Amino acid sequence: MNEITVTLPDGSSRRVPTGTTPGTVAAGISPRLAKAAIAAAVDDHLVDLSWPLERDARVRVVTSDSPEALHVYRHSTAHLLAAAVTSLFPGAQCGIGPATEEGFFYDFVVDRPFVPEDLDAIERKMKELAAQDLPYERQLWNRDEAKQFFAGRGEALKVQLIDEKTEGQAEVSCYTIKDRETFVDFCLGPHVPSSGRLKAFKLLSTSNAYWKGDAKNQPMQRIYGTAFFSDKELQAHLSRIEEARKRDHRKVGKDLGLFTFHHWAPGATFWLDKGTTLYNALANYMREVLFPAGYVELKTPLVFNKGLWETSGHWQHYRENMFLIEGRDGEEMGMKAMNCPGHMLVFASQMRSYKDLPLRFHEQTPLHRNEASGVLTGLTRVRQFSQDDAHCFVTEDQIGSEVEALLRLVQRVYGDFNLEYEAKLSTRPAEFLGEVATWDRAEAALKQALQTAGQTYTVNDGDGAFYGPKIDFDITDAIGRKWQCATIQLDYQIPQRFDLKYVGADNAEHTPVVIHRAIFGSFERFIALLIEHYAGAFPLWLAPVQVTVLPIADRHADYARTVLARLEAAGLRAEVDERQEKIGFKIREAQLQKIPYMLVAGDREAAEGTVSVRNRVLGDLGSQGVSEFLEQALREVRDRSAASAPVASEV
RNA sequence: GCUGGCGUAGCUCAGUCCGGUAGAGCAGCUGAUUUGUAAUCAGCCGGUCGGGGGUUCGAAUCCCUUCGCCAGCUCCA
């Protein structure tokens, strides 16, 4: 009999007959490993445990400890879901059902949308199928036979998938659960060996989706679920979701009185007094960061004649997202959806020399975008918002250093908030303007800058804007959704459209390159993410109310007011709670409002000229002189210390 | 925009399936209490049940329509 050599991760190797499966290899190592095995990696390629080994290979048994295991496990759970749905809903047609970062989903074409009761029934069916420990088997089918089989079952979408994904192949990979009659899916795998492995899963929600994500295609019903190796992990995940909901910015914003909305202005924020204080603190922070970095601040019009938008190209490509207005003499106007065209006009308003570059225009005025109603979400997706926007006008050989400076700016700002983020480089898309050589130079400059700034990143090939490559930064919200915040975008087109020129050292006219960039992204979205990041317990420098003075009884009110006056004179945002309530009640309210410092003032403090300091996290800190407290608090503000603001993940 | 769900007092929610005078807690107001580190007690006020239309003797409840919110899809900061 022919033998092959199997090399294990520890470097050891063994001879086994050709056709041996990784499952057998695992069993040969130890029964416990065989029991824990989910799948196998053969020469770093994930396969089933039943995959016959035909030649010498490195084999690693994938168990629940392996990083890839959960993905396989969830994908197998998605198959179980599809098996349950096709069993309970005869005629249901399957689309695709992948594992995701948090779980899995599967899309179906069904006669009617799923309702919550359906999910319960489907989940019960899944548990039943899991309890039967049905084998998952990979089979190679003749391609035409497979197409006929799926066509015969009314699975037109599967036939389409086979057509598209296996062109020119003689055989296609299919997975059965138990047998052909019970469930079959066209799928590359790998999968767990049997349904009994699937121990802990839960269906979470349903929603509409379209075949291939295109609204022009057939509407489908999607079922989301999640799965873990143990019930304990599943329960932990579910309670994490529950905890995250508690710090959802929409809830916290309401509880803390930061902002509100009204149905007469969908997608537009009413910033309440406390929210406005927070907003202004961030706006001023950004100015403090940008002015020393060579930026100047502009305020440009909110409404422009359509001529501007025609010149910029937005009239042709972006009009449906713009709020349009008719002027009193019938002229067409558009509210600005971005600042760039206005900034181009400012650049062009006077002669510019190469000595002026880089020239950096910063602007915080509001933008309006007529977003589709279905996409509006709290503060993270709105119709009226302000960016910490800027446009940097540079020569082509200044691109690298400018982008590097921008990367360091992003790192510095996000560092000030202890935010975690991910950077993505998006490169030349299929449809683009300009020369390939220019794009290549620009992409190389961005990569170089990323490396110099020590910024890790992933590449999104072909995802750049039509006018230039870009680097985007994502921050994750409380419930795991990623939101783009900072962005750095090169633009070779807009300076040409506006015919921008500067006079070079050679006394000739040249066209500058524009870098569109934002660090917060928008104030609205950034504040939403900050609220969730801090669970509403902002660091002292951001807290809308920084200190509250709590007199014990009415006779301490005068003293409390003198303390308040000193706090306010020193520039702190403070208030006094003079209500006729017990101190425990006042403290509870201040804690719920997440006020960083509570200063208790009673007989003792009034006599000594002190305050009894309570920190919202550390609790009672004992009594301090007012000056002593002030000095300490002002230092905390100045340092933008997060000392008393644990981030949500630590709460 | 699409699909589904939801909309009852300032807030959180019950009542809707099966039509019969709209409920609770918190908040607010008034009074008492003068209080020492996460809720003092009592009383009172408060809702054309998102808007409009329809069915019915009678609609929060059933039907239609419209607006908003939520989830997802698509799209974006």
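Just the heavy atoms: all of them, side chains too, but no hydrogens, waters or symmetry mates, feed the values below. Below, chains carry the letters A, B, ... as their sequence lines are ordered, and counting in each starts from 1. The model shown is predicted, which means the values in this text are computed figures rather than measured ones.
Taking the six-membered ring where the residue is Trp, the centroids of A/H71 and A/H75 are separated by 6.0 Å or more. For A/Y414 and A/F417, the gap between ring centers reaches or exceeds 6.0 Å.
A residue-by-residue look at A/P266 and A/D603 shows that A/D603 has its nearest nucleotide of RNA chain B further toward the 5' end. Of the two residues near RNA chain B, A/A486 and A/F261, the one whose nearest nucleotide lies more 5' is A/F261.
Cation-pi geometry between A/R74 and A/F104 is not met at under 6.0 angstrom from the ring centre and within 45 degrees of the axis.
Base pairing annotation: B/G23 forms a Watson-Crick or G-U wobble pair with B/C13, both donor-acceptor distances under 3.5 Å.
Ion pair A/R245/A/D248 not flagged as a salt bridge, since none of the NZ, NE, NH1 or NH2 atoms sits closer than 4.0 Å to an Asp/Glu carboxylate oxygen.
A sub-4.0 Å separation between OP1 or OP2 of B/U35 and a side-chain N or O of A/R579 is absent. For the pair A/K586 and B/G36, the criterion of a side-chain N or O lying under 4.0 Å from OP1 or OP2 is not met. Contact between the side-chain N/O atoms of A/Y224 and the OP1/OP2 oxygens of B/C73 is found at a separation under 4.0 Å. Proximity of A/R250 to the phosphate of B/C70: a side-chain N or O atom is located under 4.0 Å from OP1 or OP2.
Distance CD1 (A/I583) to P (B/U35): 12 Å, rounded to an integer number of Å. Distance, A/R222 CZ to B/C73 C1': 7 Å, rounded to whole Å.
Each of B/A77, B/A38, B/C73 was ranked by its minimum atom distance to the side chain of A/F385; first place goes to B/A77. The side chain of A/H263 lies closest to B/G68 when the candidates are B/G68, B/A77, B/C73.
Using a 4.0 Å heavy-atom criterion, one finds that A/L550 contacts no nucleic acid atom at all.
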